[in-house]
> 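Before anything else, here's the structure in question.
Numbers restart at 1 for each chain; the letters A, B, ... are given by sequence-line order, proteins then strands. Both backbone and side-chain heavy atoms feed into the values below; hydrogens, waters and symmetry mates do not.
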Amino acid sequence: MKPPATKADSFSQQQKLRATFWLGGLGLACLLSLILALLTGSISVSGYDLWQLIIDTLTLSSPSTSSNTLATTVMTELRLPRALSALVVGAELALAGCLMQVLLRNPLADPYVLGVSGGAAVGALFSIMSGLGAFWVSGSAFVGALTNLLLVFGLSHAKGVWSPSRLLLTGVVTAAGWGAVISFMLSIGEDNQLRGMLFWLMGDLSRASLPGWHGLFLLISLVISALLARPLNMMLRGELQAKALGVSVYPLQITLYLLASVLTASAVTQAGSVGFLGLVVPHILRLSLGSDHRLLLPATALAGACLLLLADTLARTLIAPQQLPVGVITAFIGVPVFLWVLQKSNRGLT
Amino acid sequence: MFIVLSLVLIAASLPVLAEVSVEDDLKNTITLEQPAQRIISLAPSVTELLFSAGAGSKVVAVVDYSDFPEAAKELPHVGGYTQLDIERILVLQPDLVIGWKSGNHPDTLEKLRQLGLPVYTTETRYLEQIPVTLEKFGRLAGTSTIAKKEAEHFRLTLQKLKDQYQHKAPVKVFYQVWNKPLITINKENLINQVINVCGGQNVFAELSNIAPRIDIEAVLKVNPDAIVASGMRVERPEWLDEWKDWPAINAVQKRQLHFIPPGHIQRQTVRVLLGAEQLCQQLDQTRHRIATSSTGNNQ
């Protein structure tokens with residue numbers, strides 16, 4: 001029998017094929033979701049309009065006279081920014097969820113379990129209540145998320161003893177504290193503000209603009225998580241084994257915590273607390289692909305991206321012109337898919 | 001203490017007044033042995049209507065945001081309309097509590113009833129209900145003379161507006177309650193009726209929700225002739241001008257982005273006529289713009 005370290009070291013030919021198949025398939029699914037998202041909505045847009053837009057963009061020419069200008073503006077100004085930010089937010093949440101589950105070694109962990117979204121929500125609701133503009137709302141959400149990150153990190157280190165379970169407890173209790181602050185704010189908010197506040201809490205992509213630096217950040221995180229994949233595989237065997245195999249566990253845990261928290265912070269800053277995605281997408285993929293993180297991490301990010309984009313497209317078209325909160329749709333799609341995969345699978349949830 | 005005592009003395013010295021019996025908007029009959037002297041209002045709009053009905057001096061407490069008329073601001077509060085402080089209501093010993101069906105929690109109103117307080121519940125769905133409610137408040141508070149006069153004035157003004165504007169060329173109106181999220185109103189909302197009085201057509205009248213959330217695309221599709229917004233304060237909301245990014249909309253092309261202060265149109269009170277008058281003039285301006293630009297095109 002081969003020693004385990006070498007087995008985890010190199011991709012066999014078959015594994016490579018399998019990875020290409022899955023990542024390629026998920027990538028294609030994202031592309032199709034993007035096209036669907038660009039084509040659907042209240043204003044009817046034809047495939048020809050989209051084609052024309054792509055050609056014009058690629059050749060850098062000004063819109064040709066034959067193109068439908070309203071359709072073009074709707075696609076470039078409304079649907080594209082929203083779709084791109086759905087892709088980024090979905091990928092960030094799914095990736096963060098996957099990392100949190102490994103870090104806390106708890107299948108119930110999701111990106112929000114350590115209170116990042118709670119901190120962000122308090123920041124965002126505070127600026128909504130003060131009547132500040134969209135820029136301030138997302139700015140203070142980000143500050144709130146970072147405050148939580150430092151708070152939980154500091155508290156879980158208080159007496160120098162650090163362990164994932166201590167981190168989990170600190171995070172859960174801090175999250176409960178934010179929850180109380182949120183309830184307090186909701187109970188004293190004014191009517192018109194209350195709607196905006198509730199939509200923020202339910203997760204809502206209608207405020208989203210082009211992802212910008214969030215997209216860049218996602219790419220950097222994907223590269224970092226690719227570098228972490230092998231040590232993470234070893235961590236699955238338990239801390240002691242990983243240490244024996246030469247993994248420096250503590251720095252790895254810190255990196256995981258920071259990466260997952262900042263990914264979550266970036267996601268909630270753009271779209272509020274979109275629920276459920278970060279919990280279920282990593283599980284579905286772990287059940288279908290196994291827990292080799294070299295494949296699991298990028299696949300989770302892609303699947304999260306597709307799912308959120310599809311869900312958002314449904315949320316804005318299902319009972320159009322009325323809009324649904326996207327979190328509702330992610331749950332409607334995700335719950336049955338997850339239960340189905342769980343029934344079919346005989347793998348464990350670690 | 002002294003005030004309470006003197007009020008009790010005054011009440012005791014008054015001649016015995018006739019029993020009043022009035023049906024509220026939920027078809028419950030409220031019977032008082034004598035006109036109410038200590039009224040608690042559980043909605044900002046109810047406070048306004050009480051003052052309009054001449055019963056302002058009999059209001060002993062109000063809820064948060066009861067900011068009109070000026071005198072209402074001085075009154076003690078019994079909490080927000082969604083979270084009422086029942087104990088404070090009891091301490092004030094009201095002889096009439098006026099609630100609001102779509103604002104107050106039904107359990108709270110039921111609790112007050114169980115505690116033996118007469119509770120009148122309002123639910124204003126039609127403009128025509130406002131003068132009726134005024135008259136009922138007048139009877140409950142023994143101020144019928146003022147209430148009737150005010151109700152009559154309301155009916156006349158409303159009729160005048162209808163005669164003048166209702167049958168003019170229809171204008172497609174998009175009423176924007178809020179920008180993020182983008183919220184409008186359907187036909188069940190009182191604002192929809194104000195729009196109709198002015199000869200406008202609410203473009204989202206047929207949606208199922210009373211305050212539906214929509215997206216920008218939906219507005220582009222229905223292409224309204226005028227966009228009307230209120231915001232939260234007395235100033236024009238900044239976000240109304242964000243529509244200028246969408247010159248494809250008729251309302252933007254013809255510069256028909258109108259503002260009406262929320263107090264003049266979002267509350268079910270006498271002041272809704274101020275909003276109606278303002279809106280009718282604004283829509284008339286829109287009508288004028290449409291007419292001139294279409295003749296311009298023909299030339």
> Rounded to the nearest 0.5 Å, what's the gap from OG on Ser206(A) to CG on Asn179(B)? Could you check?
9.5 Å
> Check whether more than 12 heavy atoms from other residues, nucleotides or ligands sit under 6.0 Å from atom CZ of Phe332(A), and answer yes or no.
no
> Tell me, do Ser187(A) and Gln83(B) make a side-chain contact under 4.5 Å, heavy atoms counted?
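The answer is yes, as the side chains (C-beta and beyond) meet within the 4.5 Å cut-off.
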> Please look at Thr82(B) and chain A and tell me whether the side chain, the backbone, both or neither of the residue comes under 4.5 angstrom of a heavy atom of that chain.
neither
> Could you check Asp215(B) against Arg82(A) for salt bridge (charged side-chain N to carboxylate O under 4.0 Å, His left out), going step by step and ending with a plain yes or no?
CA-CA 12 Å; Asp215(B) 65 350; Arg82(A) 186 165 171 167; 5.2 Å; no
> Count the heavy atoms belonging to other residues, nucleotides or ligands that lie under 6.0 Å from CZ of Phe199(A), then report whether that count exceeds 12.
yes
> So, Glu217(B) side chain and Ser42(A) main chain: donor-acceptor pair closer than 3.5 Å or not?
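Yes, Glu217(B) side chain to Ser42(A) backbone: donor-acceptor pair under 3.5 Å.
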> Should Arg213(B) and Asp204(A) count as side-chain neighbours, where that means a heavy-atom distance under 4.5 Å?
yes
> Using heavy-atom distances under 4.5 Å, tell me whether Ile183(B) contacts chain A through its side chain, its backbone, both, or neither.
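Side chain only.
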> Measure distances from Asn209(B) to the heavy atoms of chain A and classify the residue's part below 4.5 Å as side chain, backbone, both or neither.
both
> So which of Gly80(B), Ser208(B), Pro262(B) has the largest heavy-atom pair count under 4.5 angstrom toward chain A?
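Sorted descending by pairs with chain A, the first entry is Ser208(B).
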> In terms of heavy-atom proximity below 4.5 Å to chain A, should Trp239(B) be classed as side chain, backbone, both, or neither?
neither
> Please examine the side chains of Leu220(B) and Leu78(A), heavy atoms only from C-beta on, and report whether any two atoms are closer than 4.5 Å.
yes
> Do Leu207(B) and Pro321(A) make a side-chain contact, defined as non-hydrogen atoms from C-beta onward lying under 4.5 Å apart?
yes
> Would you compute the distance between atom CD of Gln322(A) and atom OG1 of Thr184(B) and round it to the nearest 0.5 angstrom?
10.0 Å
> What part of Leu324(A) lies closer than 4.5 angstrom to a heavy atom of chain B: side chain, backbone, both or neither?
backbone
> To the nearest 0.5 Å, tell me how far Asp245(B) CG sits from Thr73(A) OG1.
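Going from CG on Asp245(B) over to OG1 on Thr73(A), the span is 11.0 Å.
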> Can you tell which part of Ile128(A) gets under 4.5 Å to a heavy atom of chain B, answering side chain, backbone, both or neither?
neither
> Measuring only between side-chain heavy atoms, which start at C-beta, is Ser44(A) closer than 4.5 Å to Lys221(B)?
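Ser44(A) vs Lys221(B): side chains apart.
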